[in-house]
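In what follows, chains carry the letters A, B, and so on, assigned in the order in which the sequence lines appear, proteins first and then strands, with residues in each chain numbered from 1.
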Amino acid sequence: MNPITFLKAAYIVAWVVYLGYLGRILLRMKRVEEEMKELQHNGSHSSRQ
Amino acid sequence: MSTLGVTGASLVKDLRMEWRSKDAINSMLFFSLLVVVIFSFAFNPTAEESRRIAGGLIWVAFLFAAVVALNQTWARELRNQVLDAYRVSPAPPNALFLAKTVGNFLFVVVLEILMAPLFVVFYELRSVGPVWQLLVVALLGTWALVVNGTFFAGLSIRTRNREIMLPLLLFPITIPALLAMVDATTSVLTGEASPDFWIKLLAVYDIVFTALCLLLFESVLNAE
Amino acid sequence: MIGIAPSSPPVIVLENLVKFFGRFAAIRGISASFAGGRLYVILGDNGAGKSTLLRIVAGLMEPSQGSFTLLGAKTVHEVAHRVGYMGHAPLLYDELSGMENLRYFAGLYGLHDDVVGRHAMQMVGLDPELTRRVGQYSQGMRQRLSLARAVLHNPELMLLDEPFSNVDVRSARDMAAILGRVRDQGKTIFVVTHQAALMEGVADELVHMAEGQIVSRAEVVRDAAANAALRTAR
Amino acid sequence: MKKLTLISVPITVALLAYTSYLALIVAPTEQTMGDVQRIFYYHVPSGWVAGLCFFINFVASALYLWKRSPASDALAAASAEVGVVFCAVLLITGPLWARPVWGIWWTWDARLTTTLVLWLIYVSYLVLRRFAAGGQTQVLAAAFAIFGFADVPIVYMSIRWFRTQHPSPVMGGGENSGLAPAMLHVFLINLVAFTVLGILFVWLRYQLQMQEQALESAHAQLALKGVSR
């Protein structure tokens with residue numbers, strides 16, 4: 001196999017893993033934020049510290 | 001409350017309970033017997049080969065068997081929630097840990113004594129190097145398995161899936177100790193190398209992790 | 001017997017105690033003070049937070065918010081030897097006999113004399129010579145032994161979680177009478193139960209809990225004659 | 001906070017793209033290994049960040065056991081997870097480099113094996129965090145983290161002794177000992193970029209952990225005040 005294939009594979013794997021992980025964190029953050037907003041909206045009469 | 005006194009009392013209690021039920025020792029014995037038989041089928045070794053792989057075989061068998069016993073000892077404390085009775089008492093947490101560790105140590109040593117003749121018979125084992133070195137390796141190695149094993153078993157009972165959790169936590173941390181035990185044993189059996197480095201490494205491992213266990217056990221026991 | 005006035009110094013003071021289990025609030029802001037030398041019966045439905053409150057006070061759980069003092073101490077650890085706890089489960093080893101159990105638990109309190117265990121067993125009406133293992137005990141016997149374990153070290157404060165569960169009425173009445181006698185010696189006792197009737201004539205105060213809060217506290221005027229009769233019944 | 005995230009994420013990604021360009025195009029081709037050597041610019045910095053994360057995890061765990069502050073637990077959780085991710089990239093890019101250069105995917109040499117064991121330990125840590133439900137997670141995880149970190153030097157010692165017959169074939173102090181200046185320059189920039197990436201990940205993951213904690217306590221407070229009757 002061409003050595004360049006290994007080089008490409010390594011760089012692609014690294015980018016996929018890092019960007020995938022970054023995306024996952026940002027997605028989870030968005031979800032948590034939404035849930036928090038919803039919670040504050042629903043329970044607006046109940047004060048939250 | 002004297003730690004030693006409570007340790008002694010807990011140990012006697014554990015030994016008495018084990019003597020009555022023989023749960024741990026029976027399951028350990030049967031388990032390691034199975035490993036021996038299965039390995040023999042899987043590898044079908046000659047006497048020369050078996051001397052080479054025996055170190056690994058013996059310790060893998062004992063490691064798996066020890067996990068069975070380690071889960072047992074804490075399961076006993078969970079039945080009827082007896083652990084709560086200990087936790088509300090003024091007795092020092094480390095006394096409980098030491099008692100459990102020494103108890104498990106004795107169980108595994110008994111297992112080793114009972115299994116040793118079997119290994120000799122099934123694998124035609126004969127030590128080329130001095131046998132007393134094997135004893136040192138066995139004692140240090142068993143302590144290494146048991147001290148962390150007892151700690152992680154105590155940690156696992158506070159999680160879901162506790163039976164699965166113990167090997168997951170114990171095995172990665174035990175790798176260097178296992179490597180040392182296996183290599184030291186092989187060195188002595190084949191007589192080809194000196195086990196000195198491994199014995200020293202085991203001693204360091206034992207000291208480091210015994211200290212850490214004693215330092216952290218109270219936090220783990222009182223984590224609700 | 002000298003009755004101890006409700007004005008004796010508080011044994012337990014709870015300050016805005018809160019306990020969460022994840023998103024569920026099991027204890028929702030309890031502030032209360034309990035005087036010594038009395039027998040409190042804590043009543044409430046399942047999930048009212050009775051057991052949780054007891055476990056927090058016994059030091060088996062940390063409160064999520066708030067604080068409490070126990071026998072004047074900030075941490076349970078300091079006064080562990082003065083507190084007795086009886087859990088919902090028996091807290092006994094099935095594989096050991098009654099005396100073997102008590103001998104071990106006495107050792108945890110630094111008591112190495114068999115007399116303590118024998119005394120505790122006799123007090124709850126069990127024979128110390130019984131060699132049967134606890135695993136073969138009847139439910140009633142097991143609860144009695146569990147009580148014996150909790151009072152072994154003669155604690156000033158006893159926290160008893162459902163001591164009468166699965167116990168026949170006669171045994172339960174016996175145990176209630178024992179508790180009354182112990183209280184008369186000046187000890188403070190908390191009993192969580194949903195069988196309030198069993199504590200009739202023994203209780204000093206009924207504490208009602210609902211949804212993680214104390215909703216009411218009611219003084220019980222003990223009928224002295226009935227009480228005495230109950231006490232001499234055995 | 002939100003703005004900072006919005007700015008820092010694209011900047012870091014751009015930085016990474018730039019350093020990748022440097023690594024792939026600008027840096028000179030290595031004579032003996034050829035272009036495959038360029039994996040080095042990803043491999044080594046990933047390993048460095050993983051090590052950094054595990055160290056942060058250890059410090060944060062010890063701090064948690066001492067002070068019991070939720071923030072240090074969140075930092076421990078965040079750094080362990082990010083460390084596992086970087087360590088995974090390290091373990092994947094390693095064999096991809098080894099196959100064309102050494103002719104084998106893997107060798108049980110000290111550094112490789114230690115890295116693998118390290119990765120296993122911190123995966124166990126993450127599994128433990130998942131399975132230890134309720135208020136006990138933090139203490140148990142912190143205790144295990146201390147054990148894991150203490151184990152690393154012992155693992156390294158033991159495996160090095162175990163594999164002394166193998167010449168250590170890892171780069172750094174290799175044939176010509178040290179990198180050519182042009183390579184070193186690119187390598188250092190990559191190292192910086194990956195460190196920035198690692199810090200960004202830990203920071204974001206930490207934010208997430210804190211947000212989740214805040215959400216849980218918001219739910220709890222609601223349960224405390226709202227449903228009363």
Side-chain angles (χ1 to χ4, degrees), chain B residues 1-27 72-100 103 107 157-160 217-224, chain C residues 19-21 51-52 54-64 70 75-97 100-112 133-135 137 142-143 145-146 149-150 152-153 155 157-159 161:
Chain B
M1 222 59 47
S2 84
T3 304
L4 227 56
V6 178
T7 306
S10 294
L11 179 61
V12 168
K13 183 260 302 168
D14 275 348
L15 293 180
R16 178 176 287 147
M17 284 166 69
E18 176 58 31
W19 180 251
R20 287 187 185 163
S21 68
K22 301 188 184 67
D23 284 348
I25 198 80
N26 279 342
S27 38
Q72 273 290 330
T73 50
W74 286 109
R76 219 171 255 156
E77 299 295 322
L78 285 186
R79 218 173 296 146
N80 296 347
Q81 298 184 19
V82 201
L83 198 56
D84 283 350
Y86 194 96
R87 289 179 59 207
V88 296
S89 81
N94 274 342
L96 182 66
F97 175 75
L98 281 175
K100 291 277 170 210
F107 295 156
I157 56 167
R158 319 212 139 254
T159 66
R160 294 178 277 144
F217 185 71
E218 186 170 357
S219 310
V220 168
L221 183 72
N222 289 330
E224 61 196 56
Chain C
K19 178 67 189 178
F20 296 120
F21 291 120
S51 295
T52 308
L54 222 57
R55 285 179 73 80
I56 290 175
V57 174
L60 290 166
M61 277 181 182
E62 294 270 318
S64 308
L70 193 67
T75 65
V76 185
H77 193 72
E78 295 167 44
V79 289
H81 56 285
R82 293 161 66 191
V83 179
Y85 171 76
M86 180 176 169
H88 205 164
L91 276 66
L92 296 165
Y93 292 103
D94 281 347
E95 297 88 338
L96 301 179
S97 75
E100 282 168 343
N101 262 295
L102 294 188
R103 203 174 290 140
Y104 172 66
F105 290 113
L108 299 184
Y109 289 88
L111 306 168
H112 299 291
R133 291 175 197 167
V134 172
Y137 273 26
R142 201 179 294 198
Q143 286 298 86
L145 187 63
S146 185
R149 185 201 56 73
L152 191 64
H153 53 293
L157 172 63
M158 291 166 204
L159 307 164
D161 194 351

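- Take C/Arg133 and apply the side chain to side chain donor-acceptor pair (under 3.5 Å) test, not counting sequence neighbours, and it matches no residue.
- Shown here is C/Glu78, whose CD atom has more than 12 heavy atoms of other residues, nucleotides or ligands within 6.0 Å.
- No salt bridge links C/Arg55 with C/Asp161; every basic N to acidic carboxylate O contact stays at or beyond 4.0 Å.
- With B/Glu77 as the fixed residue, the salt bridge (charged side-chain N to carboxylate O under 4.0 Å, His left out) test singles out one of B/Arg87, B/Arg158, B/Lys13: B/Lys13.
- Options C/Gly59, C/Ala80, C/Gly87, C/Ala58 differ in how many heavy-atom pairs under 4.5 Å they form with chain B, and the most are formed by C/Ala80.
- Contact of C/Asp94 with chain B is made through backbone and side chain together, with heavy-atom distances under 4.5 Å.
- The greatest number of non-hydrogen atom pairs below 4.5 Å with chain C, out of B/Gly5, B/Gly8, B/Ser10, is found for B/Ser10.
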